[in-house]
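Model, not experiment: these values are computed from the prediction. In this chain, numbering begins with 1 at the start of the sequence shown.
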Amino acid sequence: HDIMIMHAQARRCGIFALGPTTPGLLTPGQAKMGIMPGSLFAPGPIGIVSRSGTLAYEMAGILSEVGVGQSTVVGMGADPVVLSNMIEILKLFEHDRETEAVVIVGEVGGVQEEQAAPYIAKEMSKPVAAYIAGVTAPKGKRMGHAGAIIAGGKGTAEEKFAALEAAGVSTAKSPAEMGEALEQAMN
């Protein structure tokens, strides 16, 4: 309930707010708010939106190692109620002149990725690639935090991959494959 009240107040005031389980956001070489270790990031044209804190900087580190830098990395958090949803963050990347393509780092549970798929298909002019963590997660089991609950047949990795692929998103089945998926999306 607190987050719902904060969300409504932020909207009323025109404030962009992240959380509640955000690791922060980072623009390499310019700004860092939160816990992401800046040494893993490199300036470049790829925006990252991640539901997972650890995977946000893991993905940035993987991309940086292959010479692909980031415009901004946004750790949106993975709780069921968020202050800024994936579509809102994708819109910011769509309008950002420094971002040429976007990487989504999703995870099981919730419906953020499935809800973003129609927006990507209809509104995104920039290429999008995605990785969804938790392919082997047992259905109906809590996986570390409230946002990772797979409930009512919604939120499985398979459903997320299917929705994103149907929207034209290039997907990677492991973080190590993101370089290839991103290259495929950009071609």
> Can E158 and K173 be counted as an ion pair, charged N to O under 4.0 angstrom?
Replying inline: no
>> Whether the side chain of S50 engages the backbone of S52 through a donor-acceptor N/O pair (distance < 3.5 Å, no angle test) should be reported.
In response: yes
> Are V102 and L25 grouped together when hydrophobic residues (ILVMFWY) are joined by side-chain heavy atoms under 4.5 angstrom apart?
Replying inline: yes
> Under the side chain to side chain contact (heavy atoms under 4.5 Å, CB included) criterion, do E165 and V169 qualify, and how do the steps go?
Replying inline: CA-CA 5 Å; E165 289 168 358; V169 174; 5.9 Å; no
>> Donor-acceptor check, side chain of E113 to backbone of E107, threshold 3.5 angstrom: yes or no?
In response: yes
>> Please check: side-chain N/O of E183 versus main-chain N/O of G179, any donor-acceptor pairing under 3.5 Å?
In response: no
>> Show me the pairs that pass side-chain hydrogen bond (donor to acceptor under 3.5 Å, both in side chains) and involve residues 81-91, at least two apart or across chains.
In response: R11-E88
>> According to a hydrophobic-cluster definition based on side-chain heavy atoms being under 4.5 Å apart (Ile, Leu, Val, Met, Phe, Trp, Tyr only), do M76 and F16 belong together?
In response: yes
>> Between I3 and D79, is there a side-chain heavy-atom distance shorter than 4.5 Å?
In response: no
> Passes side chain to side chain contact (heavy atoms under 4.5 Å, CB included), V49 versus F93? Steps please.
Replying inline: CA-CA 9 Å; V49 56; F93 280 128; 4.2 Å; yes
> Above 12 or not: heavy atoms from other molecules or residues under 6.0 Å from CG of D2?
Replying inline: no
> Do the side chains of L164 and I46 join up, straight or via other hydrophobic residues, at under 4.5 Å, putting them in one cluster?
Replying inline: no
>> Any donor-acceptor pair under 3.5 Å linking the side-chain atoms of S170 with those of E180?
In response: no
> Do the side chain of D96 and the main chain of L92 share a donor and acceptor less than 3.5 angstrom apart?
Replying inline: no
> Taking only residues at least two apart or on different chains, which pairs with a member in residues 20-43 satisfy side-chain hydrogen bond (donor to acceptor under 3.5 Å, both in side chains)?
Replying inline: T27-T72
> Are more than 12 heavy atoms from other residues, nucleotides or ligands located less than 6.0 Å from atom CD of Q115?
Replying inline: yes
> Should V74 and I48 count as side-chain neighbours, where that means a heavy-atom distance under 4.5 Å?
Replying inline: no
> Does a side-chain N-to-carboxylate-O contact under 4.0 Å join E94 and K126?
Replying inline: no
> Is any side-chain heavy atom of Y57 closer than 4.5 Å to a side-chain heavy atom of V73?
Replying inline: no
> Any donor and acceptor pair, going by atom type alone, linking the side chain of R51 with main-chain N or O of Q112 inside 3.5 Å?
Replying inline: no
>> As an exercise, state the distance from CG of L40 to CG of L63, rounded to the nearest 0.5 Å.
In response: 11.5 Å
> With a 4.5 Å heavy-atom cut-off, do T156 and F161 have their side chains touching?
Replying inline: no
>> Measuring only between side-chain heavy atoms, which start at C-beta, is V82 closer than 4.5 Å to L18?
In response: no
>> Quick check for you: to the nearest 0.5 Å, what is the distance between L26 atom CG and I35 atom CD1?
In response: 11.5 Å
> Is there a side-chain hydrogen bond (donor to acceptor under 3.5 Å, both in side chains) between Q70 and S64 once you walk through the steps?
Replying inline: CA-CA 8 Å; Q70 305 82 49; S64 294; 3.1 Å; yes
> Any link between V105 and V68 through a network of hydrophobic side chains (Ile, Leu, Val, Met, Phe, Trp, Tyr) touching at under 4.5 Å?
Replying inline: yes
>> Would you say that more than 12 heavy atoms from the other residues, nucleotides or ligands in this model lie under 6.0 Å from the CE of M6, or not?
In response: no
> Would you call T171 and Y131 a side-chain contact if the rule is heavy atoms closer than 4.5 Å?
Replying inline: no
>> Go through it in stages, so that I can follow the logic: the residues are S71 and E98, the test is side-chain hydrogen bond (donor to acceptor under 3.5 Å, both in side chains), and I'd like the CA-CA distance, side-chain angles, deciding distance and then a yes or no.
In response: CA-CA 6 Å; S71 57; E98 304 298 318; over 6 Å; no
>> Is there a continuous path of hydrophobic side-chain contacts, each under 4.5 Å between heavy atoms, that joins I104 to M124?
In response: yes
>> So, taking the atom named NE2 in H7 and the one named CG in L83, what distance separates them when rounded to the nearest 0.5 Å?
In response: 6.5 Å
